[in-house]
Number of protein chains: 2
Amino acid sequence: MIEMYLLEQLVAVAKHKTLLAAADALHITQPALTRSMKKLEQLFGFALFDHHANRIEINENGLLASEYAKRILQLEQEMIDQVTHLEQSKHTIFLESCAPAPMIYLQQRLALLFSTYSVQSHLTNSEGKIIGALKQNKCQLAIVSAPVKDPNIISSKIFTEHLYLSVMPAHPASQKEKISFQEIDGETFLLHGSLGIWKDVVNEKLSHSRFIVQDQMQDLSVLLASSSLPAFTTNISWNIYPRQEKRLEIPIVDHDASTTFYLAYHRKDQDIFKALLPET
Amino acid sequence: MIEMYLLEQLVAVAKHKTLLAAADALHITQPALTRSMKKLEQLFGFALFDHHANRIEINENGLLASEYAKRILQLEQEMIDQVTHLEQSKHTIFLESCAPAPMIYLQQRLALLFSTYSVQSHLTNSEGKIIGALKQNKCQLAIVSAPVKDPNIISSKIFTEHLYLSVMPAHPASQKEKISFQEIDGETFLLHGSLGIWKDVVNEKLSHSRFIVQDQMQDLSVLLASSSLPAFTTNISWNIYPRQEKRLEIPIVDHDASTTFYLAYHRKDQDIFKALLPET
DNA sequence: TGAAATTACGCTCTACGTAAGCATT
DNA sequence: AATGCTTACGTAGAGCGTAATTTCA
């Protein structure tokens, strides 16, 4: 049997071309590598290198072996990652979401409902990746904007998120009862950095606008209170962050200013997560 | 990093359910395994087994880990096999054939022409497997009954093998100048055990016959000399084995009593193997 | 009482580092 | 002379075996 450390060292030698460089990278000494490579050749029963007086050159055998070694080391790392994730998933609810406010809102509800678990949530723009993560058991819960077509996965409607324009009273739109994207395209907005699928809507409908991006939600709140720049809120975000007292919220009437979200989870977890759904 | 011996031991424990049985299979002692499994759990950072007082039960984590371990060990074995084969192929010409006499004949010619190489030949019934072996570089030369459709592989006609009925003078057919399968279907024949693609022809055309099978060519020769049972020879086999002096050979006229064989090899080996081909 | 896992202790083998040697550029 | 691989020697540690202990059926 060929041990892992030998494979790791072989890969390093194949990569760095000389024993000295590889030894440096591995934080061992050169003689140790000389011995290891000789041991490898002895285990295989033939040469993996052309041994010259003061240099070695990997040969065809060594190259093939190092390719395999790389794959073996990758597989070992995958084993560690996957088993570790399996263990973590027993104490953690992993949540993938395509939109920020629904994510934070659900995260808070999960923390209350499943207080013995910890919750890890992650925002991803691509819904395909989210569904992939769910199918590969990398997460147990997903927030998506359309039902998942898979017999083993249940998609339940949870709520519809409506976008609102948030303005100071001095803003021209403040008196309106409703507004459209077209009317405000071209203005400069304060925006959070992570928008999920809303990013597509904003880019398309407000293509002439400038956006002042702020990634930290707390800093954004300070800006919202002090600045006269328009911004956006949603009916879901009101559950999470306090409404800015001075600001007025004007509903946006466009069709794609509203998105219905679905909670997706494996059928086997149906009983666990049904407490999250609205009563019917 | 998790060493191979730990993975091997984990797989054994997962397979044999108890440490004692696994230790037995691995030819080590039970305490060694106890320590190894504890070491594995320490490396992962969590339990892979439910530890009871006097029994241990693998858990979900351990099962997943052992599945990966199995794959890693398989990959390691594949590495050893493939690299070893690559090394061997430098000193050995591997020949796969779908018919016995062409194989032996070519093996003899190879031994003469490439005296610094050793030759390993192998008879396989399935031509698909032969072509697969050639494409995967498991052999450099193949004898097949139809050209291989692959731009990287050259198929050159080498010869056509004709089947002859071999009978003693007393046999009714001995006076004939030619004969067909139909005329002899139902008789009992002496036959070699390995026929390659000829097996299909024999089974189909002589479905009413009985066959006395002898795997050892030398023993078959003795039988052929002493027995009055009919048998088969081919124009190719005459190059290999001495003709039985007492016997007469009657050509078989059926279309599928003749097969044209092709030598298949990678384009890069074209120059090496062209010496084997008939002059044009 | 027997079967099976764990703990304790001692040994051996091995992978490593240090130091020195040697060949090539 | 500098670079880089190899050889020689000593050491610390790791993995294994033996023996004793514990627990459950």
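What you see below is based on every heavy atom in this structure, not just the backbone, and it leaves out hydrogens, waters and symmetry mates.
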Treat primed atoms plus P, OP1 and OP2 as sugar-phosphate and everything else as base, then score nucleotides 20-25 of chain D 5' to 3': B for base contact with protein heavy atoms under 4.0 Å, S for sugar-phosphate contact only, - for none. ---BB-
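B:E57 has a carboxylate O that lies under 4.0 Å from a charged side-chain N of B:R55, or vice versa, which qualifies the two as a salt bridge.
Looking at B:H192, its side chain does come within 3.5 Å of a backbone N or O of B:D215 through a donor-acceptor pair.
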Go through the steps to decide whether A:Q140 and A:D269 satisfy the test side chain to side chain donor-acceptor pair (under 3.5 Å), and finish with yes or no. CA-CA 8 Å; A:Q140 303 101 311; A:D269 296 333; over 6 Å; no
Any chance you could lay out the side chain to side chain contact (heavy atoms under 4.5 Å, CB included) test for B:L7 and A:M4, step after step, and finish with the verdict? CA-CA 10 Å; B:L7 299 183; A:M4 284 286 178; 4.0 Å; yes
For A:H122 and A:T124: C-alpha separation, side-chain torsions, deciding distance, then whether side chain to side chain donor-acceptor pair (under 3.5 Å) applies. CA-CA 6 Å; A:H122 183 242; A:T124 306; 3.2 Å; yes
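Spacing between atom CD of B:E3 and atom C1' of D:dG15 amounts to 12 Å, rounded to whole angstrom units. Whole-Å rounding puts the B:D24 CG to D:dG17 C1' distance at 15 Å. In this structure, A:H16 atom NE2 and D:dT3 atom C1' are separated by 18 Å, rounded to whole Å. Atom CE in B:M37 sits about 11 Å away from atom P in D:dG15, given to the nearest Å. Note: CG (B:L40) to P (D:dG15) measures 11 Å, nearest angstrom. Per the geometry, CD1 belonging to B:I28 stands 17 Å off P belonging to D:dA14, to the nearest Å. At whole-Å resolution of the value, CG in B:L6 and C1' in D:dA14 are 11 Å apart. Rounded to whole angstrom, the span from the CZ atom of A:F49 across to the P atom of D:dG4 amounts to 16 Å.
Comparing B:L19 and A:A32 against DNA chain C, the residue whose closest nucleotide sits nearer the 5' end is B:L19.
Proximity of B:L276 to B:I158: side-chain heavy atoms (C-beta onward) are nowhere separated by under 4.5 Å.
Atom CG of A:L141 sits about 10.0 Å away from atom NE2 of A:H266, to the nearest 0.5 Å. Taking CD of A:E3 as the start and CG of A:L43 as the end, the distance is 9.5 Å to the nearest 0.5 Å. Rounded to the nearest 0.5 angstrom, A:L277 CG and A:Q270 CD are separated by 9.0 Å.
Between A:H51 and D:dT6 there is a side-chain N or O to OP1 or OP2 distance below 4.0 Å. When the side-chain nitrogen and oxygen atoms of B:T29 are compared with OP1 and OP2 of D:dC16, none of them lie within a distance under 4.0 Å.
Along DNA chain C, read 5' to 3', the first and last nucleotides having any atom under 4.0 Å from a heavy atom of chain B are C:dA3 to C:dT7.
Nearest to the side chain of B:Y5, among D:dC5, D:dG17, D:dA14, sits D:dA14.
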